[in-house]
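Notes follow once the structure below has been shown.
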Amino acid sequence: MYLVAILFTSLALTPLVLKTLFPYFWKDAFYLSDFVCILVKFVLRKRRKPLFMALDRFLEQSVAFPDRPFIVFENKTYSYLDTDKRSNKIANALQKHSGLRVGDPVALFMGNEPAFIFTWLALAKLGCPVAFLNYNIRSRSLLHCFNCCSAKVLIAAAELQEAVKEVLPSLKDQGVCIYLMAEHCDTPGIEVFSDQVENAPDTPLPRSLRSGVTFRSPAVYIYTSGTTGLPKAAVVNQNRLLTALAILDSMGARPGDVVYVNLPLYHTAGFLIGLIGSIETGSTIILRRKFSASQFWDDCRKYNVTVIQYIGEIMRYLCNTPKRENDRHHQVRLAIGNGVRAEIWREFLNRFGNIQVREFYASTEGNVGFINYTGKIGAIGRVNYLHRKLFPYALIKYDTEREEPIRDPSGLCVEASKGETGLLVSKITDMAPFLGYAKDRQQTEKKKLRDVLRKGDLYFNSGDLLKIDHDNFIYFQDRVGDTFRWKGENVATTEVADVLTLMDSVQEANVYGVQIPGHEGRVGMAAIAMKKGEAFDGSRTFSHVASYLPAYARPRFIRIQSQVEVTATFKQMKVKLVEEGFDPAHVTDPLYILQEKEQSYTQMNGQVYSSILSGYTKL
Ligand SMILES: *[C@@H]1O[C@H](CO)[C@@H](O)[C@H](O)[C@H]1NC(C)=O
Ligand SMILES: *[C@@H]1O[C@H](CO)[C@@H](O)[C@H](O)[C@H]1NC(C)=O
């Protein structure tokens with residue numbers, strides 16, 4: 001009887017006990033069950049015969065909901081069925097004219113427009129992997145990217161004709177067939193393709209065409225810019241595309257959702273998360289040529305958008321637009337992305353209303369990811385036993401000065417303790433493969449780390465510094481390279497940038513470290529853009545910086561740009577700025593140096609510059 005009573009009370013108490021002893025128990029449990037559901041779905045799909053790929057999910061949806069709008073673009077709406085038929089036309093035309101065979105890679109050079117999606121689907125139906133060329137690149141980098149994927153066919157949008165002409169001789173030398181999605185083009189060597197597509201039948205392509213495609217076959221190539229060198233083509237295979245189906249779903253997107261896709265489709269966020277994710281849920285995509293801060297909310301209102309994506313600086317851009325009365329009139333309920341800083345996120349919510357922010361951590365080529373499922377401010381995720389068993393990862397101690405992991409006397413890496421920042425590495429396994437970069441062994445090898453926790457093991461080096469706290473929350477700290485060391489201290493560039501943008505007059509700031517001969521480490525420098533009508537004030541800036549930052553973290557040099565340059569994914573460009581340094585002979589922007597004695601930033605000139613180089617002026 002006594003025992004029963006104990007059992008009874010303990011059962012009744014369990015939720016309470018759990019809540020106090022393990023405050024995140026239910027959240028962990030829900031996450032775990034979601035995770036398991038997704039895993040089960042994935043495994044079941046992978047067992048299907050014939051093989052079930054991301055394309056098959058699209059075909060499934062277009063049979064189930066033929067009339068549901070799939071793509072809305074510039075006042076045109078294409079249903080799931082329309083999209084299926086359009087892609088059939090392109091596939092049939094390609095089959096007739098190009099002699100493409102299963103497995104032949106094709107490069108697609110096109111902006112965000114429905115034809116991008118139709119063409120990708122068409123090529124998927126033919127079993128051909130597609131390399132998504134960034135439509136902003138030209139000449140040498142265009143050729144470099146094209147050559148990465150060994151394609152013999154290039155499909156380009158009409159408005160990119162001039163860019164194609166520029167590299168035409170090299171392409172012709174390589175015997176590349178070029179199809180331009182246009183009705184006219186006078187240049188010999190470029191075939192116009194619109195008529196062929198219009199005249200082609202919209203009959204479905206036989207499935208047997210892609211019977212040779214396996215989960216290991218490359219599905220698409222996505223170029224990653226990385227911090228150094230030319231872009232690399234990350235291989236996304238069919239298996240990975242199938243996994244990508246789950247992303248939006250796992251973050252709470254539903255069939256009735258309207259997803260706003262304004263990020264480039266040639267990148268992971270736009271393609272894998274926005275497009276592929278919407279196929280899984282059967283959502284509608286509002287497609288835009290590119291991100292526009294001023295149009296953003298008008299579009300959301302006009303199309304009843306419910307899900308938006310953000311990366312890098314996007315939230316800041318939105319917060320920087322002039323305030324409007326209808327800022328909170330919209331139906332957006334979910335914002336999915338990564339790279340938002342805590343203050344911006346707060347400002348965003350204050351201004352645009354109660355939107356769930358789902359921050360996640362992942363990279364195009366990486367083999368581990370985290371989702372912020374607990375709602376803990378600032379955390380990107382949480383250590384989870386099962387997740388970690390399936391995707392073994394570790395945070396290892398990292399030397400930011402020498403830019404390499406710290407190793408113990410036996411040559412193995414050292415795990416960072418709780419609360420300590422470490423480099424995220426994740427074990428390369430069948431379940432968590434690292435597929436590397438097309439035709440770039442060297443860069444692929446550079447991302448691999450051996451002898452990490454045991455002799456002979458192999459890990460993927462994410463290049464990201466993370467921290468796990470005592471409650472098992474995971475925090476993003478920095479990208480390797482986004483910290484620099486100065487006077488023996490680590491300086492986090494994002495932190496300094498945040499301080500600078502706290503000033504009313506500053507629109508944006510990009511912070512980085514530059515080397516000075518004869519000095520260890522790097523000295524801080526900032527490129528800032530002022531708000532409209534604001535001028536740079538050296539002494540005000542000094543007193544602001546001095547009141548927020550320790551001496552070593554204060555940017556020693558500041559250059560004023562009309563706008564802070566960003567990459568196509570809205571990440572700030574640093575490499576060029578670092579190279580240009582603080583030499584007034586090279587930097588044409590107004591350039592200032594911090595003068596401790598004068599309590600101000602003063603104009604930089606050649607004399608000061610040589611005095612620094614000669615070591616006369618001490619930094
Ligand atoms: C958006 O929603 C409103 C109200 O629910 C509806 O009247 C309108 O037709 C919708 N607009 C679109 C483009 O679906
Ligand atoms: C995690 O999600 C919660 C709730 O949606 C949010 O408050 C928090 O800021 C998020 N963390 C990050 C880093 O976005």
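Both counts, for ligands and for their atoms, begin at 1 and track the order of listing.
The environment of CG in N326 is crowded: more than 12 heavy-atom neighbours from other residues, nucleotides or ligands sit within 6.0 Å.
Looking only at protein heavy atoms, the nearest one to atom 13 (C) of ligand 1 is K302 O, 3.4 Å. For atom 1 (C) of ligand 1, the closest non-hydrogen atom of the protein is N304 ND2, 1.4 Å.
For atom 7 (O) of ligand 1, the nearest protein heavy atom lies 4.0 Å away or farther. Note that atom 11 (N) of ligand 1 has protein non-hydrogen atoms nearby, at separations under 4.0 angstrom. When distances from atom 3 (C) of ligand 1 to the protein are checked, a heavy atom turns up under 4.0 Å.
Under the 3.5 Å distance criterion, the side-chain polar atoms of T321 are left unmatched by any main-chain donor or acceptor of A293. At least one donor-acceptor pair closer than 3.5 Å links the side chain of R328 to the backbone N or O of N350.
Aromatic rings of Y266 and Y223 (six-membered ring for Trp) have centroids beyond the 6.0 Å cut-off, not under it. Checked against a 6.0 Å centroid threshold, the rings of F348 and Y310 do not count as neighbours.
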